[in-house]
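Below is one structure, written out as structure tokens; comments come after it.
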Amino acid sequence: MEDFRRTYLRLCKEAGTEPQESLLAQLYETRAAASGARLDLTGQSLMVESCCVLGRALQKDILFTELVLSDCMLSEEGEWSTGLEMETFLWNLRTGNNLRGAGAETLGKLLVRNKTLKRLVLEWNALGMWEEGFSIFCEGLASSSSLILLDLRNNQINHQGAAELAQALKRNSVLQELDLRWNNIGLLGSRSLLDALQQNRTLLHLEMAGNNIPGDILKAIEQSMDHNADRQSTLQESRTRAQVLTKEIQILKEEKSRQFLGLMETIDKQRDEMGRSSRNSTVLLEKLQEALSERKSAVNSLTAKLQMTEAALLLSEQKVSNLGELLTRVKLEKTELTDRQSREMKKQLEESAQREGKLLREVDSLSEKNHQLKNKVDERRCKAQQDQIFSLKQELTNSTAELKLRLAQAEERLDMEKRRSKQAFEDMDSLRQKEVDHVNRHMEESERALQDRILKLEGQRIRLDEELSQVKAAMVTERIQAEEELGKTRAQVRLEEQERLSGLEEKLRSARQARDEAQGHCTQQKQTVAELHARAAQQSLEMDALRRRIDEMQQDLVGKEQEKMAEVTRVRVELQEQTGHLQAERTAQCGLKEKIAALEREMKALGTSHREALLDKESELSSLQERLRLREGEIQRMRENEAQRASFLQNAILTYVQGSPLAHYSPRK
């Protein structure tokens, strides 16, 4: 508030004028009373210079939102146009200073420039006396995009000014309240305003008391106001419903995106686990290859030693021939031992082959079971989706058929009502055209109102059809999106299953290759045993070492089997999770069905409300017809009374003439 007072004083110094003391006192009072939100200058005579400076100060001020200039003795020469023609941040403006032409022009310019003014109270002025100034004011009102309330009480507005106001209302789409009480609008001005209200759909309150307007036109204006209020209420309801639907659709989209992200995360985790398992298997294979290379080097060193010992044995055989018998005995024992060892090796190889066959059979059976389960899940999904799509199609066809039947019934009722009303109006016009002109006008106005109502009802029906088409299009798009998402998820699951199967097959191939290599090594060891009968003890030790290594290989095979079983269990768990996600999607689709049912219920409720409105209109028509009949009876009674009075007068005149002395001299008719 102090900043505004300082700016006012500074502008007064720049303009070379003295600040008005009454205005400064009012500024101090407003600071103490209402924190500077309202500037009330009622009853203060403002000077030309002070009004100019006040307008400049208000041009860039944000503190004041309401300005009251009632009874400030503003003239029509200059201070009003120079003071408030600039753009300000005011919301409410009250003036009551008997403003006329120039004031109306400045107000029109203010409405064109200012885009924050919402309430304008102009009671007790004379804006309608000059047509040119009031036309400029009406042009500003037509171009205004922020004004909501306009008070024009006691402004001497005639029917021409009302016509200009009607043209402004046709172009304005913001004004909601208009007060035109205690003016001189008359019948012509009220008709022009009524025609404008047929195009304006935002005006909700229009006060027309004290303007010499017939009651029929006032009722028609009230009906148009009621229609505008109903229209705005329906628009707000539709907007709220659209917002609720958009929020629900966004929530569903977010849930689907979350589910998709969860699936992608699980897929990434599974891929990481598969990579880790493959790395571990490669490390194990490298270790096995290193152990085999070490064994090969040991076997080579042993063969070299054997060759050296064979040379030494040949020399010893030449020297020692007596020891042959002992050697033969030892050889026989050795042969027996080798036979036993060969039999044990064969048994072990057969057992390992049987175990591998069993493992292969189990793997094949598990793969077949997985394929069967996948096929069953796909079939169930397809069947469920087809059933849902078929049910949704049936529901849509049923709803469209019901709506078409309702529309056809409503159109038939409207046609019957039109025919009945036209016949009734034609009969009444034929009876009353010669007698009462005023009643004819009333009937024409009622016909216009009924036609307007019928047109409005048809517009509402068209809007409902458009909303139904929009809802259907949204449902079709949602179905297409759901089908695309299902196809994508299926393709991803299939690719993942193929990749897993390929990884398992590669692991089986690597295990088989390792088994083949082990068998080759066993055959080589058998050949070395057959060649080295002389070194039975060393070979027995080597056979023990080989048995230990075979045990380790068997343990490795058991570990691999356990890993395979763990992977199979993981696949089963993943399939169960996918089935759970699919069930969640089914529940979401059930929720969508419930929403569709709720929308259909709302449509039914709207249909019932429209039917009730039609019944109310039929009751209004019947009441109007009864009023017309009562008026006809009253007119007939008045005619009979007038005929009786005329007959009584004729009889009285005849009796008077016959009884008078002039009757003797007058000729008889």
Heavy-atom pair of closest approach, residues Q198 and D452: NE2-OD2, 3.1 Å

Stepwise side-chain contact (heavy atoms from CB on, under 4.5 Å) check, Q232 with R201: CA-CA 8 Å; Q232 282 198 354; R201 296 181 180 180; over 6 Å; no

L165 side, atom CG; K170 side, atom NZ - distance, nearest 0.5 Å: 12.5 Å

Heavy-atom check, side chain of I185 versus side chain of L180, under 4.5 Å: yes

Contact check, side chains of L194 and R191, non-hydrogen atoms, under 4.5 Å: no

Closest non-hydrogen atom pair between L141 and A168, with its separation: CD2-CB, 4.3 Å

Close side-chain approach of R231 to K456, heavy-atom, < 4.5 Å: yes

Side-chain touch E123/L152, heavy atoms, less than 4.5 angstrom: no

Test item: N155 side-chain N/O and R153 main-chain N/O as donor-acceptor pair under 3.5 Å: yes

Expected output: side-chain N172 to main-chain V174 donor-acceptor under 3.5 Å: yes

Non-hydrogen atoms of S143 and V112 that approach each other most closely: OG-CG2, 3.3 Å

Sub-4.5 Å side-chain heavy-atom contact between R171 and Q199: no

Candidate pair L149 and L120, rule side-chain contact (heavy atoms from CB on, under 4.5 Å), full reasoning: CA-CA 6 Å; L149 186 143; L120 182 59; over 6 Å; no

N/O donor-acceptor pair under 3.5 Å between D151 side chain and L122 backbone: no

K253 atom NZ, over 12 foreign heavy atoms within 6.0 Å: no

Side chain to side chain donor-acceptor pair (under 3.5 Å) assessment of D226 paired with S224: CA-CA 5 Å; D226 293 334; S224 63; over 6 Å; no

Pair T202, N200: side-chain N/O donor-acceptor within cut-off below 3.5 Å: yes

Nearest-0.5 Å distance, CD of residue E237 to CG of residue L606: 8.0 Å

More than 12 heavy atoms of other groups within 6.0 Å of E132 CD: no

Chi angles and distances behind the salt bridge (charged side-chain N to carboxylate O under 4.0 Å, His left out) call for E105, K109: CA-CA 6 Å; E105 290 180 0; K109 293 177 182 178; 5.3 Å; no

Minimal non-hydrogen separation, L127 against R100, with atom names: CD2-O, 3.7 Å

Reported NZ-to-CG distance for the pair K118 and L147, which is rounded to 0.5 angstrom: 11.0 Å

Smallest separation among heavy atoms of A162 and G189, with atom names: CB-CA, 3.6 Å

Donor-acceptor under 3.5 Å (S190 side chain, G186 main chain): yes

Any donor-acceptor pair under 3.5 Å from N211 side chain to M208 backbone: yes

Distance, nearest 0.5 Å, that separates CD of E139 from CG of L111: 12.0 Å

Nearest-0.5 Å distance, CG of residue L252 to CG of residue L592: 5.5 Å

Check: E164 side chain, S135 main-chain N or O, donor-acceptor pair, under 3.5 Å: yes

Closest approach of L178 to L169 (non-hydrogen atoms, all atoms of both residues): CD2-CD1, 4.1 Å

Pairwise distance CD(Q223) to NE2(H227) - rounded to 0.5 angstrom: 6.0 Å

